[in-house]
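Source: prediction; values computed, not measured.
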Amino acid sequence: MHPVVKLDFEKELNDEQIKAVKTIEGPVLIIAGAGSGKTRVITFRMAYMLDRGIPQSAILALTFTNKAAREMEERVKELTRRKLKNLTVSTFHAFGVKVLREDIERLGYRKNFSIYDETDRNQLIKDSVRECGLSTENLDLYKVGQLFSNVKIGRYSWGDGANDAYERVYAEYQSCLKIYNAVDFDDLLTLPIQLFEEHPEVLARYRERYKYLMVDEFQDTSTTQYRIMRLLADRNVCVVGDDDQSIYSWRGASFENITNYEKDFPGLVEIKLEQNYRSTSTILEAANGVIANNTNRKDKVLWSGNEGGKPIEVFHPENESAEADFIAEQIKTIMMKEDLKYDDFGVLIRANSMTRHLEEAFLAANIPYRISGGTSFFQRKEIKDVISYLRVIANPDDDVNLLRIVNTPRRGLGKTSIEHITEAGKRRRCSVYEAMTGLRYAPDTLFPEKGRIDVDAFLTLIEYFRAEILGKKGLSKKVRALVDNIDYWSYLVTEYQKSEKAARWKFMNIESLINSIETWEKDPDNFDPTLFPWLNRISLITRDDGDDKANKGKVNLMTIHASKGLEFPVVFIAGAEVGLIPHARSLEEGDGNVEEERRLFYVAITRARDKLFITSCKKRRKMQSIVDCSPSPFLAEIPPHLVEYHDEDAVVETADEAKDYFAKIKGKFA
């Protein structure tokens, strides 16, 4: 036996954490509030077990992401200072693969089975639809995939609704998976359950091996994942989670699993971790005030040793542009006053559609940022298409952007034609645009006449808009004329035949782009509102930048869902309005969904360490109209004495503060 390094629990942990670490026999439920050191407790708990002589191979820790599993294992290694070859820290799906690799032959598969990703699965669904003699023309692969997934994991049964037309397709899909010796992502959970239930000797082997089971983020487990845990667990099982942070019902998480656990494991020990190590008491009191309005929850009150703290500032800007400008100005001001870095700021939004104005404001203020949990407005396909047209108008020799748009919308220049043109360009050592010009005036016997006519039409379009746009004002109107000329709307309708709503949403994004150009043109400080300065301006944010190191030192712009588990010294929650927080969909679906929206708001509040701003617009553009907005009802649930309503003119309040402020600026340049 290798004794671990002596752990000083009294120094490292509080009383409740020590209890959670040392209670290793029997069923345990650890309710770990936001910022209460959950991962620390789990890793110390594993180290404590090893210290007590429990073999590594007897411990199974299940979590949700590979990143969380890796972090947990690394931290246990650091604590114990030994290799952990036989410790199993895994996601549910990775554990499922491990089980199936050993015993899938018992279910009629071969050991060298393939795991289908979403692309493979979609192709097989299409093939199964055709095999059943149905048309694939208006097939919504996403919806059918969701339906099959829900049937497989037991959330839906055939005979319950109108989609029973796909029952035959599902049977064909399942049959094909077996024939191809393949499994899909859901099978990684459902087939181990089938294996355990149909072959008790296999289950007995796993129960004999894993005597100590731990499940992290228990509030996010699905019914299927709970069944795996229930089958494997003997008595020594510990689940860790926070019912107040259950925000994933839309992807199958079951809020009832904590209640089920209490029923299935009578006599369990419940331990609450309520001391928060992240936020000031002001922020925690606000979070407690909000979440107390949920009825279906475990009673707990987060508290902090970090007493007091700055008030929560609420601001009601006129519209989303003013909201974005306010957030950008505050980031600049606070950075200078408090000597913070850009990555100390988190800007949280409910919906990915809200990024555009914030990106515009950050760009105007030269604030670097990164987006998590969504796509940058400027990286969306429809926006990139329009920008590519403008880049080619500015510089026809830009091959990358020209090849992006030469057949978007479709204009008869297919793959073979484009390959012929690019090869001609390589031979002549010229750009694709020059090669097209050559084909226009010197017909190529290997290139069809119809293709030459299509090339001519494309070049005529670019030449016309170069003459219209370059060096001239009225850019937004010209861009709108370009979008109309290429009939991008019809292209979207053709691309999204099964969902006109998706086509409209994408076209609305183009409208937003044109509106943003118009706003930029009208800025009195903009002395050259023409194409080249605009393209230079957006170049900063249209670079693909997936390098994590490069993302250091950037403001974190993200959806609230993506922020879970993170923390920032300063947090802005944007768009705290009815229809966004709580989301319009949740208001239609009833109280349970509103409670989840409140949990989402609670998660957003508890990301802040020192300072929290919340903005709620008076008006917001929806589709083509501007609508009045109502503040989120959750704002009224924050105790009033914690809130200060922001006065937009009060940036530097006193003479002393101004002196200090300018001294800091001077110091920056010294």
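- The distance from atom SG of C238 to atom CD1 of I24, rounded to the nearest 0.5 Å, is 10.5 Å.
- In this structure, the side-chain contact (heavy atoms from CB on, under 4.5 Å) partners of E637, at least two apart in sequence or on a different chain, are V290, N293, R598, F634.
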Without placing hydrogens or testing angles, list every side-chain donor-acceptor pair under 3.5 Å for residues 564-573, not counting sequence neighbours.
unit_1, atom_1, unit_2, atom_2, d
K564, NZ, E217, OE1, 3.1
K564, NZ, D220, OD2, 3.2
E567, OE1, R278, NE, 3.3
E567, OE2, R609, NH1, 3.1

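- Here the side chain of T190 pairs a donor or acceptor atom with the backbone of D186 at under 3.5 angstrom.
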Verify side chain to side chain contact (heavy atoms under 4.5 Å, CB included) between I271 and V269, making sure each step is shown before the conclusion. CA-CA 7 Å; I271 301 164; V269 175; 4.0 Å; yes
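- Remark: D187 CG to I115 CD1 distance equals 10.0 Å, nearest 0.5 Å.
- For E208, the CD atom is loosely surrounded, since the number of other residues' heavy atoms within 6.0 Å does not exceed 12.
- Electrostatic pairing of E577 and R620 counts as a salt bridge here, judged by a charged N lying under 4.0 Å from a carboxylate O.
- A salt bridge links K152 and D184; the closest N-O separation between the charged side-chain nitrogens and carboxylate oxygens is under 4.0 Å.
- When each of V41, D242, I31 is checked for a side chain to side chain contact (heavy atoms under 4.5 Å, CB included) with L273, only V41 meets the rule.
- Using modelled atom types, one side-chain atom of Y248 and one backbone atom of H561 make a donor-acceptor pair closer than 3.5 Å.
- Under the 4.0 Å criterion applied to side-chain N and carboxylate O atoms, R235 and E25 are not assigned as salt-bridge partners.
- Using a cutoff of 4.0 Å between basic side-chain nitrogens and carboxylate oxygens, R207 and D234 are scored as salt-bridged.
- For N150 (side chain) and R155 (main-chain N/O), no donor-acceptor pair under 3.5 Å exists by modelled atom type.
- For an aromatic pair to be called close, the ring centres must be under 6.0 Å apart, and W158 with Y166 fails this.
- Every residue two or more places apart in sequence or in another chain was checked for a side chain to side chain donor-acceptor pair (under 3.5 Å) with K19, and none qualifies.
- Checking side-chain atoms of T23 against main-chain N and O of A20 turns up no donor-acceptor pair under 3.5 Å.
- Under the rule for a ring-ring contact (aromatic ring centres under 6.0 Å, His included), Y342 has no partner lying at least two apart in sequence or in another chain.
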Donor-acceptor contacts under 3.5 Å from residues 345-353 side chains, at least two apart:
unit_1, atom_1, unit_2, atom_2, d
R350, NE, E597, OE1, 3.1
R350, NH2, E597, OE2, 2.8

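- Separation of atoms CG (N257) and OG (S246) is listed at 9.0 Å; rounding is to 0.5 Å.
- Side-chain N or O atoms of S36 include one that pairs as donor or acceptor with a backbone N or O of G33 at under 3.5 Å.
- For S630, the side chain to side chain donor-acceptor pair (under 3.5 Å) test picks out no residue, with sequence neighbours left out.
- In this structure, the side chain of T63 does not engage the main chain of A69 through any donor-acceptor pair within 3.5 Å.
- Between F148 and Y173, the ring center distance clears the sub-6.0 Å criterion.
- Partners of D103 under the side chain to side chain donor-acceptor pair (under 3.5 Å) rule, at least two apart in sequence or in another chain, are R106, R205.
- Interatomic distance, T223 OG1 to E256 CD, rounded to the nearest 0.5 Å: 7.5 Å.
- Under a 3.5 Å cut-off, the side chain of S586 and the backbone N or O of P582 do not form any donor-acceptor pair.
- Formation of a donor-acceptor pair under 3.5 Å by the E596 side chain with backbone atoms of S249 is found in this model.
- No donor-acceptor pair under 3.5 Å is formed between the side chain of K272 and the backbone N or O of V301.
- With hydrogens and angles ignored, the 3.5 Å screen pairs a side-chain donor or acceptor of E359 with a backbone N or O of F377.
- S114 is linked by a side chain to side chain donor-acceptor pair (under 3.5 Å) to nothing, counting only residues two or more places apart in sequence or in another chain.
- A salt bridge is defined here as a Lys NZ or Arg NE, NH1 or NH2 lying under 4.0 Å from an Asp or Glu carboxylate O, and R75 with E71 meets this definition.
- The pair K310-E644 fails the salt-bridge criterion, with no side-chain N (NZ, NE, NH1 or NH2) lying under 4.0 Å from an Asp/Glu carboxylate O.
- Counting non-hydrogen atoms of other residues, nucleotides and ligands closer than 6.0 Å to CD of E118 gives a total of 12 or fewer.
- Within the structure, the side-chain hydrogen bond (donor to acceptor under 3.5 Å, both in side chains) test picks out the following pairs touching residues 83-96 (sequence neighbours left out): T88-Y210.
- Expressed to the nearest 0.5 Å, how far CG of N294 lies from OH of Y602 amounts to 10.5 Å.
- Qualifying side-chain contact (heavy atoms from CB on, under 4.5 Å) partners for T280, counting only residues two or more places apart in sequence or in other chains: T282, I283, N306, D610.
- For residues 274-308, no residue pair satisfies the ring pair (Phe, Tyr, Trp, His ring centres under 6.0 Å) rule, not counting sequence neighbours.
- Qualifying ring-ring contact (aromatic ring centres under 6.0 Å, His included) partners for Y261, counting only residues two or more places apart in sequence or in other chains: F218, F265.
- Between I614 and I638 there is a side-chain heavy-atom pair separated by less than 4.5 Å.
- Taking the charged nitrogens against the carboxylate oxygens, E320 and R356 have no contact shorter than 4.0 Å, which rules out a salt bridge.
- Rounded to the nearest 0.5 Å, atoms NZ (K341) and CG (D344) are 4.5 Å apart.
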